[in-house]
Colleague: 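Pasting in a structure now, in structure tokens, and then I'll have a few things to ask.
Computed from heavy atoms alone, side chains included, the values below leave out hydrogens, waters and symmetry copies. A, B, ... follow the sequence lines: proteins, then strands. Residue 1 opens every chain. Just so it is clear, the model here is predicted, and its values are computed rather than measured.
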Amino acid sequence: MNSRRAIYLAHPPVSIFPTYYMNKLIVPFSENLTSINGGVVSSVRSLIQNPISLRFLSTSTATPIASTSVLSSSSEEVFDMTSHIIQEKDLLRKSPNGGLRVLDLIDHGFLEPDAKLYSQMLNKCTQLGKIKEGKMVHTHFMNSKFSHYLVIQNTVVNMYAKCDCLDDAREVFDKMPVKDMVTWTAIITGYSQNDKPEEALLLFPQMLRLNLKPNHFTFSSLLKAAGARGNEREGEQIHGYCLKYGYASNVYVGSALVDMYCRYERMSEAHFVFNQLEDKNEVSWNSLIAAHSRKNEGDKALLLFQKMQMDNYNPTHFTYSSLFSVCASTGSLEQGKWIHAHMVKSGQKLIAFIGNTLVDMYAKSGSFDDAIKVFNRLTKPDVVSWNSILTAYAQHGLGVKTLQHFEKMIKTGIQPNSVTFLCVLTACSHGGLLEKGEFYFKMMKEYNIEPEVSHYVTMVDLLGRAGKLDVALSFITKMPFEPNAAVWGALLGACRMHKNMELGAYAAERVFELDPFDSGPHILLYNIYASGGKWNEASKVRKCMKEIGVKKEPACSWVEIENCVHMFVANDQTHPEKNKIYKKWEEISERIKEIGYVPDTSHVLLFVDEQEREAKLQCHSEKLALAFAIMKLPPGSTIRIKKNIRVCGDCHSAFKFVSLLVGREIVLRDTNRFHHFNGGSCSCGDYWYC
DNA sequence: TGTGAAGGGT
């Protein structure tokens, strides 16, 4: 007889044991209580053959009035309170009426609570984010004889603050007649951790006025807030207070100081504080490594990674996450692979926290298959993991696959968020899937996700690229908020694609009103006029750019050869092997012309003669990077190039012919997506570049 | 029985 069936057999003791029947707590008569003792319980145990676990995890001193065993007919489980100890797993156990069993037992006089029990229950709610249960415990606590206990009140503030209920936390905080330094620290931390640094910093002087002395807990939260707010003067003042109160050398405060100066991009101060810190830990190292990663300084991040190990600190998942992130943004696949191997060797598990950045790194470095492999190895992919893989599919031009994976994600039970829908809409836009895009845009409401401006931008892009310029315009006018420059920019891009000069000029005017200094829209408008032969209008745009000081971002391309990243600009004269590179491209150019390549000079932004335009085209940074890669990389290997702006139409065409000529895959990452050139065609289906 | 610092997805 197993224990589950045995519970049913245990119904007879209902009259003497408190139990739930038809969602009601059945309480035995008080005289029966005296007869309930360990012996009776033991005999019931032997009757039902239920090996109740006595592995108690907590050490609460809460006193049961009598030894009881509560049997539930609905949940078929035994809730054991025969000891003076309550099991941790039972702290938040539900009763059939939706309440908490522990609270029911207290209400019916079977358990005499102590302050520690409330504290344990509140902390369990905080840990699991169970705010509904937390509110029940809070109410119960307020009606108990312990309601004036400051320590528990502090636990309540902390619980609300940690569970994203800042208003509730503040309400409790404001109503507390007596507050100590922990109370103030709890609410300051709440604001600091919930992206409200202003409020956190405003409370600090109020706390000081009450003569409460801040401690290392207070300072670490205040420094985090100061770093997020970006007011350097404020941060320096908090730093001063840390020194005054003698906490600057505390490892938590010190690490927060390092991070704060990193946020201000004051790296020399960050390094100074770090070097002064006698008591360092992994977080101190990770703060610096993360900062260099954010600044795309992969070499510095990597150097610190090596140094931390020389100083006997073990890299953590934060360390690896930062390193993969910097490899992703610089597209350093070889370096990323090396760090991945290091991580595996160190025994670090592939949890979602690291796996997500690893998926992103492989996807952004153009190694799509590795991204899929890592994703498939994740034991518990979360919404970010799914978003990363959806982005990878979308950016690599696999629109239909993106949508298939999205459906799979829904079936798995992962709740999509606004980023998920942005990935899905981007996939539709990149893949030209107009109807699907409209369908998924409407679907957002089913998930209670309000479309943000980025979703509208993608929809305008989708409609515009599909040639529905009027629909896109009407879509913009019906937006629930004012369209920003990006929305009009998307329409402008579509006008360039479909050569609609009138609407393009209108959209460009709107963009210029909102963001006059972005070079992109000016260039798009120039291109619209130039490709329509309206050279006067085009030169006016150029003149206007000069007058207001808008500069075109210089185009750069990068290619990684043997762990070294080589950068090229248009008409590059700085590379040590420039002569060989130009010669190589000339040779390639001649050979691809033989198989059908015709230079497309309409992409050159200069009012010059045809011959000069072609010469300009041949010096584009991605062509030089490609020639260099062909010279240096072994035949047959994949060539991966990264570019800081969108690939021009002529380079796109040339790359297709080169992939055919050399019989190898070329992966080009530009600002918008990946282009996989293979056998004379591109994965974007020529949909994107024009 | 209470309070803290570091990462990721368009």
Side-chain angles (χ1 to χ4, degrees), chain A residues 58-61 114-123 126 141 146 149-159 161-162 180-190 192-193 214-225 227 247 250-260 262-263 281-291 293-294 316-326 328 352-361 363-364 382-392 394-395 417-427 429-430 452 454-455 457-458 672-673:
Chain A
S58 81
T59 54
S60 173
T61 53
D114 60 1
K116 192 176 170 187
L117 179 64
Y118 285 113
S119 175
Q120 283 180 316
M121 291 180 81
L122 289 164
N123 283 332
T126 310
F141 159 70
F146 306 106
Y149 272 40
L150 181 58
V151 169
I152 314 297
Q153 290 173 358
N154 288 344
T155 315
V156 172
V157 173
N158 181 49
M159 178 192 74
K162 291 277 187 330
D180 68 358
M181 175 260 292
V182 175
T183 328
W184 285 84
T185 303
I187 194 78
I188 286 174
T189 304
S192 173
Q193 289 181 341
N215 65 6
H216 42 302
F217 286 90
T218 329
F219 282 123
S220 44
S221 285
L222 285 169
L223 291 166
K224 180 185 164 79
Y247 287 112
N250 171 277
V251 66
Y252 280 87
V253 178
S255 302
L257 272 170
V258 170
D259 184 58
M260 184 188 77
C262 287
R263 306 269 165 197
N281 67 8
E282 280 78 10
V283 180
S284 336
W285 285 93
N286 288 345
S287 300
L288 268 187
I289 292 174
S293 297
R294 283 195 297 269
T316 67
H317 49 290
F318 278 92
T319 327
Y320 288 112
S321 172
S322 295
L323 293 170
F324 291 137
S325 168
V326 71
F353 193 99
I354 308 174
N356 297 347
T357 45
L358 200 47
V359 168
D360 187 47
M361 187 274 289
K364 283 191 178 148
D382 59 14
V383 64
V384 178
S385 322
W386 282 94
N387 288 350
S388 305
I389 205 70
L390 291 174
T391 307
Q395 285 197 329
N417 62 16
S418 71
V419 176
T420 317
F421 279 100
L422 196 55
C423 298
V424 168
L425 296 176
T426 306
S429 168
H430 285 210
E452 295 159 23
S454 48
H455 299 96
V457 172
T458 315
N672 289 314
R673 62 173 299 154

Colleague: Apply side chain to side chain contact (heavy atoms under 4.5 Å, CB included) to the pair A:Leu390 and A:Thr420, showing each step before the final yes or no.
Modeller: CA-CA 8 Å; A:Leu390 291 174; A:Thr420 317; 3.7 Å; yes
Colleague: Choosing from B:dT1, B:dA5, B:dG9, which nucleotide comes nearest the side chain of A:Lys224?
Modeller: B:dA5
Colleague: Is A:Phe318 stacked on the base of B:dG7, with ring centres under 5.5 Å apart and planes under 30° apart?
Modeller: no
Colleague: What's the closest nucleotide to the A:Phe217 side chain, out of B:dG7, B:dT3, B:dG9?
Modeller: B:dT3
Colleague: Would you classify A:Asn356 as touching base, sugar-phosphate or nothing, given that sugar-phosphate means primed atoms plus P, OP1 and OP2, and contacts are heavy atoms under 4.0 Å?
Modeller: base
Colleague: Just call it for A:Glu282: base, sugar-phosphate, or nothing, with non-hydrogen atoms closer than 4.0 Å on any strand.
Modeller: nothing
Colleague: Decide, applying a 5.5 Å centre-distance limit and a 30° plane-angle limit (both strict), whether A:Phe353 stacks on B:dG7.
Modeller: yes
Colleague: State which of B:dT3, B:dT1, B:dG8 makes the closest approach to the side chain of A:Ile152.
Modeller: B:dT1
Colleague: For the pair made of NE2 in A:His216 and C1' in B:dT3, what is the distance, rounded to whole Å?
Modeller: 9 Å
Colleague: In this structure, how many angstroms lie between the C1' atom of B:dT3 and the CE atom of A:Met159, rounded?
Modeller: 15 Å
Colleague: When you check the phosphate oxygens OP1 and OP2 of B:dG7, does a side-chain N or O of A:Arg294 lie under 4.0 Å from one of them?
Modeller: yes
Colleague: Grab the CZ-P distance between A:Phe421 and B:dG9 for me, whole Å please.
Modeller: 20 Å
Colleague: Would you indicate which nucleotide in B:dG4, B:dT1, B:dG7 comes nearest to any side-chain atom of A:Ser322?
Modeller: B:dG7
Colleague: To the nearest Å, how far apart are A:Met260 CE and B:dA6 P?
Modeller: 13 Å
Colleague: Tell whether A:Asn215 reaches the base of B:dG4 with its side chain through a donor-acceptor pair below 3.5 angstrom.
Modeller: no
Colleague: Base, sugar-phosphate or nothing for A:Ser119? Non-hydrogen atoms, less than 4.0 Å.
Modeller: sugar-phosphate
Colleague: A:Asn250 and A:Asn215: side-chain donor and acceptor closer than 3.5 Å?
Modeller: no
Colleague: Between the base of B:dA5 and the side chain of A:Asn286, is there a donor and acceptor pair under 3.5 angstrom?
Modeller: no
Colleague: For A:Thr189 and A:Ser192, which I'm curious about, is there any donor-acceptor pair between the side chains at under 3.5 Å?
Modeller: no
Colleague: From CG of A:Leu150 over to C1' of B:dT3, roughly how many Å is that when rounded to an integer?
Modeller: 12 Å
Colleague: Taking the side chain of A:Ser287 as its heavy atoms from C-beta onward, which of B:dA6, B:dT1, B:dG9 lies nearest to it?
Modeller: B:dA6
Colleague: Considering only side-chain heavy atoms of A:Thr316, which listed nucleotide, B:dT3, B:dG9, B:dA6, is closest?
Modeller: B:dA6
Colleague: Rounded to the nearest angstrom, tell me the gap between atom CG in A:Asp259 and atom P in B:dA5.
Modeller: 10 Å
Colleague: Looking across every strand, which nucleic acid part, if any, lies under 4.0 Å from A:Ala186 by heavy atom: base, sugar-phosphate, or nothing?
Modeller: nothing
Colleague: What is the separation between atom CZ on A:Arg263 and atom P on B:dA5, rounded to the nearest whole Å?
Modeller: 12 Å
Colleague: Ignoring hydrogens and angles, answer whether the base of B:dG8 and the side-chain atoms of A:Asp382 contain a donor-acceptor pair closer than 3.5 Å.
Modeller: yes
Colleague: Are a donor atom and an acceptor atom from the side chains of A:Asp360 and A:Thr357 found within less than 3.5 Å of each other?
Modeller: no
Colleague: On the nucleotide B:dT3, are OP1 or OP2 found under 4.0 Å from the side-chain N or O atoms that A:Gln193 carries?
Modeller: no
Colleague: Are a donor atom and an acceptor atom from the side chains of A:Thr218 and A:Thr185 found within less than 3.5 Å of each other?
Modeller: yes
Colleague: Centroid distance below 5.5 Å plus an interplanar angle below 30 degrees: do A:Tyr252 and B:dA5 meet both conditions?
Modeller: no
Colleague: Applying a 4.0 Å non-hydrogen cut-off, can you work out what A:Asn123 is touching in the nucleic acid: base, sugar-phosphate, or nothing?
Modeller: sugar-phosphate
Colleague: Would you indicate which nucleotide in B:dT1, B:dG9, B:dG8 comes nearest to any side-chain atom of A:Ser388?
Modeller: B:dG9
Colleague: Quick one: A:Leu358 CG to B:dG8 P, roughly how many Å, whole number?
Modeller: 14 Å
Colleague: Closest to the A:Thr189 side chain: B:dG9, B:dG4, B:dA6?
Modeller: B:dG4
Colleague: Is the centre of the A:Phe318 ring less than 6.0 Å from the centre of the A:Phe353 ring?
Modeller: yes
Colleague: Which nucleotide wins on minimum distance to the side chain of A:Val182, given the candidates B:dT1, B:dT3, B:dG8?
Modeller: B:dT3
Colleague: Check the side chains of A:Asn158 and A:Thr155 for a donor-acceptor pair under 3.5 angstrom, ignoring hydrogens and angles.
Modeller: no
Colleague: Confirm from the modelled atom types if A:Asn417 and B:dG9 form a donor-acceptor pair under 3.5 Å, side chain to base only.
Modeller: yes
